[in-house]
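Order of listing sets the numbers, starting from 1, for every ligand and every atom in it.
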Amino acid sequence: MEKLRRAMMFVPGNNPGMLQNAGIYKADTVIFDVEDSVLVSEKDAARQLVHNAIKYIKYPCEVAVRINHITTPYGRDDLAAILPAKPDLIRLPKAETAEEIREIDEIISEAEMKNGFSQGSIKMMAAIETAKGLMKAYDIASASPRMVALAIGAEDFLADLKTTRSSHGNELFAARSQILLAARAAEIQAIDTVFSNVNDEDGFIAETTRIKELGFDGKSVINPRQIKLLYKIFTPTEKEIDLAERVLAAYEEAKAKNSGVIALNGKMIDVPVVTRAERVISYAIALGLRKGGQ
Ligand SMILES: CC(C)(COP(=O)(O)OP(=O)(O)OC[C@H]1O[C@@H](n2cnc3c(N)ncnc32)[C@H](O)[C@@H]1OP(=O)(O)O)[C@@H](O)C(=O)NCCC(=O)NCCSC(=O)C[C@@](O)(CC(=O)O)C(=O)O
Ligand SMILES: [Mg+2]
């Protein structure tokens with residue numbers, strides 16, 4: 001099972017209190033932000049705070065940093081300040097080309113060499129937040145072996161599309177589908193965008209249920225209150241795990257009879273059904289709901 005990245009929580013990089021406590025909320029990943037949640041006048045202070053947080057606080061989860069775009073006056077300074085602290089993951093916002101990804105990849109390689117980190121240990125992900133970026137989604141997703149995920153950033157994306165966000169999400173359906181396809185074709189994870197109204201639990205649950213059904217591996221969140229709600233949706237139920245176990249057992253039985261197909265309660269069980277059942281079981285094992293090797 002690949003690394004779980006169900007809840008990736010943004011933490012403003014210039015907020016010492018939030019940086020200090022970011023690890024207590026059980027997010028799979030915390031994303032320390034030095035991009036849009038940090039004013040230009042605060043960028044230097046934020047870089048320093050984020051560097052020190054990564055270096056001196058032991059977080060019980062993956063630690064990512066969202067840098068400013070590499071073509072802005074801040075992106076290279078962000079990398080220079082943050083890479084020596086060894087974050088697990090760099091998130092590039094507003095990605096538009098494969099060349100940007102390769103440029104950052106090279107900067108990371110140099111920093112790894114200079115600081116004695118093993119080559120390839122710092123991973124990358126990118127967020128698609130413009131129409132131009134969406135047109136290049138697969139090129140971006142497959143531009144570097146460091147790439148572990150492709151995300152969508154809906155707030156910027158919809159501003160670029162000259163529209164607004166609705167509760168039904170129709171305006172995001174095409175982009176979400178394309179990002180998911182690009183990520184799957186590149187064999188990396190797909191991460192959905194933030195839901196900005198932290199007080200609208202029903203809206204968050206409805207959106208998270210939809211993106212889980214589409215196939216996303218996780219979602220960016222902005223508040224600890226959203227993490228528990230998200231995990232409930234991303235955790236297989238006992239009924240789902242039980243069904244997956246019965247599917248695998250039925251398939252073993254079919255194989256013993258030299259058959260590649262069998263029916264379980266009238267439903268055909270074949271290879272793709274088995275593949276999905278195996279994923280449910282891997283997930284259950286990764287979450288400690290089942291023991292490995294059973
Ligand atoms: C939304 C709100 C102001 C609400 O505040 P509230 O005060 O009502 O929160 P409360 O629930 O009362 O907080 C209870 C306790 O949790 C602590 N606590 C809260 N949030 C925490 C957190 N994030 N990290 C650690 N700690 C946290 C808090 O300190 C308190 O601790 P304590 O006092 O000890 O009890 C706050 O959450 C917040 O600032 N969120 C982060 C916002 C942010 O990062 N935006 C940038 C990323 S999006 C973007 O850029 C768009 C995008 O790019 C996205 C894409 O690409 O996907 C695109 O284009 O779409
Ligand atoms: Mg954005």
Problem set entry | Any Ala154 heavy atom less than 4.0 Å from ligand 1 | yes

Seminar exercise, completed: min-distance protein heavy atom vs atom 46 (C) of ligand 1 -> Ser37 CB, 3.7 Å

For this session: May I ask whether atom 7 (O) of ligand 1 is less than 4.0 Å from at least one protein heavy atom?
Result: no

For this session: Identify the protein heavy atom lying closest to atom 20 (N) of ligand 1, giving its residue, its atom name and the separation to 0.1 Å.
Result: Pro224 CD, 3.4 Å

Problem set entry | Within-shell test, Tyr25 vs ligand 1, heavy atom, strictly < 4.0 Å | yes

Exercise. So which bit of Lys219 gets within less than 4.0 Å of ligand 1, heavy atoms only: side chain, backbone, both or neither?
Worked result: neither

Problem set entry | Distance from atom 60 (O) of ligand 1 to nearest protein heavy atom, with residue and atom | Glu155 N, 2.8 Å

For this session: Mark the output for Ile152 as yes if a heavy-atom distance to ligand 1 is under 4.0 Å, and as no if none is.
Result: yes

Exercise. Looking only at non-hydrogen atoms, which of Asn223, Asp33, Ile128, Asn21 approaches atom 10 (P) of ligand 1 most closely?
Worked result: Asn223

Problem set entry | Is_contact(atom 3 (C) of ligand 1), protein non-hydrogen, under 4.0 Å | no

Exercise. With side chains defined as the heavy atoms from C-beta onward, is the minimum distance between Ile122 and Leu83 less than 4.5 Å?
Worked result: yes

Problem set entry | Glu42 side chain to Asn14 side chain, donor-acceptor N/O pair below 3.5 angstrom | yes

Problem set entry | Polar atom proximity, Phe10 to ligand 1 (N or O, under 3.5 Å) | yes

For this session: Identify, by atom number and element, the atoms of ligand 1 in contact range of Val11, meaning under 4.0 Å from any of its heavy atoms.
Result: 24 (N)

Problem set entry | Partner set under ring-ring contact (aromatic ring centres under 6.0 Å, His included) for Phe234, not counting sequence neighbours | none

Problem set entry | Total protein N/O/S atoms whose distance from the Mg ion (ligand 2) is less than 2.8 Å | 2

Exercise. Is it the side chain (CB and beyond), the backbone, both or neither of Asn15 that lies under 4.0 Å from ligand 1, heavy atoms counted?
Worked result: neither

Problem set entry | Exercise: do Ser37 and Asp33 side chains pair donor with acceptor under 3.5 Å | yes

Exercise. Looking at ligand 1, does any of its N/O atoms fall within less than 3.5 Å of an N/O of Ile222?
Worked result: yes

For this session: Please check if any side-chain donor atom of Glu100 sits under 3.5 Å from a side-chain acceptor atom of His69, or the reverse.
Result: yes

Exercise. Hey, is Pro12 one of the residues with a heavy atom under 4.0 angstrom from ligand 1?
Worked result: yes

For this session: Verify the contact flag for atom 18 (N) of ligand 1, where contact means a protein heavy atom under 4.0 Å away.
Result: yes

Problem set entry | From the candidates Arg91, Arg66, Lys94, the one that places a heavy atom nearest atom 49 (C) of ligand 1 | Arg66

Exercise. Which heavy atom of the protein is the closest neighbour of atom 26 (N) of ligand 1, given with residue, atom name and distance?
Worked result: Met18 CG, 3.6 Å

